[in-house]
Amino acid sequence: CVGNAWTQAVMVKLAAQIGESSIVPLSAISAYKQIGSSPNSGANIGDALECGEKVGILPLDTPENRQLFGAFVMPATGFRTPWPSGDWKAIAAQFGIRKRLLIRNVPELEQAGINGHPVVVGRSSHSICYLRPSKRNGRGELYVNSWGNWGFGAGGHAAGFGFDSAGMVAASARYAWAVVDVTIPNYVMEGLS
């Protein structure tokens with residue numbers, strides 16, 4: 001779940017920075033393999049986002065991504081899938097976190113969402129990505145979950161949405177991370193020149 005939440009936050013922020021139609025789907029397992037010790041060991045949110053700053057995430061294994069990145073792709077799941085041969089970290093670095101902020105309370109969490117920053121939280125032994133504050137049956141946060149089919153960020157998710165109530169948000173806000181800025185991938189920069 002931490003790998004999914006981290007990947008979702010990067011995709012949501014990347015969609016906001018370069019446009020939803022320009023992003024590529026990313027591999028959640030390539031995120032989780034860097035921080036988990038086994039398929040079901042779980043992981044720490046802070047470790048994940050630190051790894052996001054130092055290494056990054058590989059693109060999802062799709063025909064379109066193979067055209068752009070060759071063999072430097074990974075599936076969505078499959079912890080035991082080997083890393084691609086060669087310098088896969090050079091591709092992963094194109095999908096990294098440039099800036100993140102530690103969240104310690106509800107006002108900071110809500111402000112991050114108002115500013116358009118996805119927030120990776122841990123709640124009830126699960127990690128999710130908050131997308132924005134919402135008023136649905138009171139104050140809370142709209143989130144995208146790792147369960148169900150979810151697509152591109154910022155409105156393109158097919159399923160997996162949920163709503164955390166004010167009480168769940170308060171519990172989640174004690175230790176969370178806002179993804180403020182992500183790396184702009186080379187294929188985008190090359191298209192601008």
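Hydrogens, waters and symmetry mates are skipped; everything else that's a heavy atom, side chains included, is used.
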Leu68 reachable from Phe72 in the ILVMFWY side-chain graph, under 4.5 Å edges: yes
Looking at Val24, Val182, Val179, which one forms a side-chain contact (heavy atoms from CB on, under 4.5 Å) with Leu14? Val182
Does any part of the side chain of Asn4, heavy atoms only, come nearer than 4.5 Å to the side chain of Ser127, both counted from C-beta? no
About how many Å separate CZ of Arg98 and CG of Asp181, when rounded to the nearest 0.5 Å? 4.5 Å
Going by side-chain heavy atoms closer than 4.5 Å, which hydrophobic residues are tied to Val180, directly or by a chain of links? Leu101
Side chain to side chain contact (heavy atoms under 4.5 Å, CB included) assessment of Leu58 paired with Phe95: CA-CA 7 Å; Leu58 281 173; Phe95 302 96; over 6 Å; no
When rounded to the nearest 0.5 angstrom, what is the spacing between CD1 in Ile91 and OG in Ser30? 12.0 Å
Relative to the ring of Trp83, is the ring of Trp88 parallel (under 30°), tilted (30 to 60°) or perpendicular (over 60°)? parallel
For Pro84 and Ala71, which heavy atoms make the closest approach, and how far apart are they? CB-O, 3.4 Å
Short side-chain to backbone donor-acceptor contact, Arg104 and Arg174, under 3.5 Å: yes
Is there a path of hydrophobic side-chain contacts, each under 4.5 Å between heavy atoms, that joins Met168 and Trp177? no
Minimum heavy-atom separation for Ile184 to Gln17, with atom names? CD1-NE2, 3.4 Å
Can you name the nearest heavy-atom pair linking Ala112 to Ile103, along with the distance? CB-CD1, 4.1 Å
Would you say Gln94's side chain and Asn186's backbone share a donor-acceptor pair under 3.5 angstrom? yes
Given Asn65, Ile57, Thr81, the one that forms side-chain contact (heavy atoms from CB on, under 4.5 Å) with Met74: Thr81
Can you name the closest pair of heavy atoms from Arg80 and Lys33 and give their distance? C-NZ, 4.3 Å
Is it true that the side chains of Asn115 and Gln111 contain a donor and an acceptor less than 3.5 Å apart? yes
Report yes if some heavy atom in the side chain of Trp6 is under 4.5 Å from a heavy atom in the side chain of Gln34; otherwise report no. yes
